[in-house]
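This report refers to the structure that appears directly beneath it.
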Amino acid sequence: MAQLGLIGLGKMGFNMRERLRAAGHEVIGYDRNPDVTDSTSLEDMVSKLDGPRIVWIMVPAGEPTRQTVAELGNLLSEGDLVIDGGNSKYTDDKINADLLAAKKVGYLDCGVSGGVWGKDNGYGLMVGGAASDVEKAMPIFDALRPEGPRDEGFSHAGAVGSGHYAKMIHNGIEYGMMQAFAEGFELLEAAKVVENVPAVIKGWQRGTVVRSWLLDLLVRALDEDPELDDLEGYVEDSGEGRWTLEEAINNAVPAPVISAALFARFASRQEDSAAMRAVAALRNQFGGHSVKKVGG
């Protein structure tokens, strides 16, 4: 049995705590929401952990994560380990790692995919950092990843920063895949020759080369709302698509699909479209992201 401090018990953090506990691990969580927290403060959470401690951060990227890392640096001891499992930009990781290294505290960055379904299906994990720190946290990673071969749901991508870099590219690919399904949906709806669009898309789930979990989620959304007309085609972006394109430019790698998918999200905020309603529905299905209801 491993012991873990988990900071941030929102949509993913809460479910991660439940999955880890179901696997027999002890999780002591901290969240500002008194209804879900196990501790009254970060200091209280750290005091309940036995050394050497492992603390996993699941808070919003940027300043909230940087501030949490800094606070932990003042609370943890030599030999402890911090894992940032949020969607931080990979360039933040070296800064966080260097800050903690001064306290002789280890640091791993972990890209996490799985959304609100991860509690039951497991999470895809992409980790950056020292091999010794990865090995220290492996019981936690093994409990969180999907069942089956470790290398099909977990990867040690390289040094600090590589985990979040891999997740950034993963999300860029996700943008393109979602947009392709969405445009196909709109074209089917526009074609007078197709009378039952949800049936066509559902029929792709087995035997076709486009079958995937994203397709399954689109089918689920269409089962709930066959025209997707309960949604506005308004889609936000989390930032990782933008970062992916920055890297494409920096490395002179053409990424027309990902760039078009990101720009389509920008367009969604200016006018409604069937394609963007499909993207909104997919984001809501796999990640529990908020959507705008028609008339809401």
Side-chain angles (χ1 to χ4, degrees), residues 1-61 63-88 92-112 114 118-119 122-123 125-145 150 154 156 160 163-164:
M1 181 188 78
Q3 186 187 57
L4 180 74
L6 180 59
I7 304 169
L9 301 171
K11 292 173 186 172
M12 287 188 68
F14 183 90
N15 283 346
M16 289 169 68
R17 179 177 65 175
E18 297 307 297
R19 183 173 177 86
L20 287 165
R21 285 177 173 174
H25 299 301
E26 181 184 3
V27 183
I28 300 172
Y30 170 68
D31 194 277
R32 292 180 179 178
N33 180 356
D35 295 331
V36 298
T37 192
D38 304 312
S39 312
T40 57
S41 64
L42 283 183
E43 185 174 8
D44 181 48
M45 182 202 73
V46 169
S47 72
K48 294 177 179 178
L49 298 171
D50 301 324
R53 308 173 185 91
I54 301 177
V55 177
W56 190 303
I57 302 172
M58 288 296 291
V59 303
E63 187 56 33
T65 294
R66 289 190 289 268
Q67 182 178 344
T68 302
V69 170
E71 289 183 37
L72 286 173
N74 294 323
L75 294 172
L76 297 177
S77 305
E78 180 177 346
D80 291 346
L81 175 64
V82 171
I83 304 171
D84 176 13
N87 281 333
S88 295
D92 284 350
D93 290 315
K94 186 178 186 307
I95 298 170
N96 291 335
D98 288 348
L99 185 152
L100 292 174
K103 313 279 186 176
K104 297 185 178 180
V105 174
Y107 178 87
L108 296 174
D109 56 285
C110 182
V112 181
K119 175 178 175 289
Y123 301 89
L125 306 173
M126 296 145 268
V127 180
S132 57
D133 287 334
V134 172
E135 186 61 30
K136 187 185 301 184
M138 193 56 73
I140 301 298
F141 295 140
D142 278 341
L144 288 172
R145 67 175 176 83
R150 179 186 287 168
F154 170 89
H156 180 195
V160 165
H164 280 146

Return the [atom1] to [atom2] distance between [X] and [Y], rounded to the nearest 0.5 Å.
| X | Y | atom1 | atom2 | value |
| --- | --- | --- | --- | --- |
| D109 | D92 | CG | CG | 10.5 Å |
| T40 | R32 | OG1 | CZ | 14.0 Å |
| N15 | L9 | CG | CG | 10.5 Å |
| Q3 | I140 | CD | CD1 | 9.5 Å |
| I28 | L49 | CD1 | CG | 4.5 Å |
| D31 | M58 | CG | CE | 11.5 Å |

Work out which heavy atom in [X] is nearest to a heavy atom in [Y]; give both atom names and the distance.
| X | Y | value |
| --- | --- | --- |
| P139 | H25 | O-NE2, 3.4 Å |
| A23 | A143 | CB-CB, 3.8 Å |
| L108 | A137 | CD1-CB, 4.4 Å |
| A97 | V160 | CB-CG1, 4.0 Å |
| C110 | V127 | SG-CG2, 3.7 Å |
| Y107 | L81 | N-CD1, 3.6 Å |

Checking the side chain of [X] only, and the main-chain atoms of [Y] only, is there a donor and an acceptor separated by less than 3.5 Å?
| X | Y | answer |
| --- | --- | --- |
| N87 | A61 | no |
| H164 | G86 | yes |
| D80 | V105 | no |
| R17 | V27 | no |
| H156 | G129 | yes |
| R19 | L144 | yes |
| D133 | G106 | no |

- Message: Between D38 and K48 (salt bridge meaning N to carboxylate O under 4.0 Å), is one present in this structure?
- Response: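 Not counted as a salt bridge, because no side-chain N and carboxylate O are separated by less than 4.0 Å.
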Should the heavy atoms of other residues, nucleotides or ligands under 6.0 Å from [atom1] of [X] be counted, would the total exceed 12?
| X | atom1 | result |
| --- | --- | --- |
| K94 | NZ | no |
| E43 | CD | no |
| E26 | CD | yes |

- Message: Regarding S88 and D84, do their side chains bring together a donor and an acceptor under 3.5 Å, going by distance alone?
- Response: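 D84 and S88 do have a side-chain donor-acceptor pair below 3.5 Å.
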- Would you check, one step at a time, whether the test side chain to side chain contact (heavy atoms under 4.5 Å, CB included) holds for V55 with I83? CA-CA 6 Å; V55 177; I83 304 171; over 6 Å; no
- Parallel, tilted or perpendicular: which fits the ring planes of F141 and W56, with parallel below 30° and perpendicular above 60°?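 Perpendicular.
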- Task: Please report the C-alpha distance between L6 and M45 in whole Å, then the side-chain angles of each, then the deciding distance to 0.1 Å, and finally whether the side chain to side chain contact (heavy atoms under 4.5 Å, CB included) criterion is met.
- Result: CA-CA 9 Å; L6 180 59; M45 182 202 73; over 6 Å; no
- Message: For Y30, run the side chain to side chain contact (heavy atoms under 4.5 Å, CB included) check against I7, T68, V46 and tell me which one passes.
- Response: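 That would be I7.
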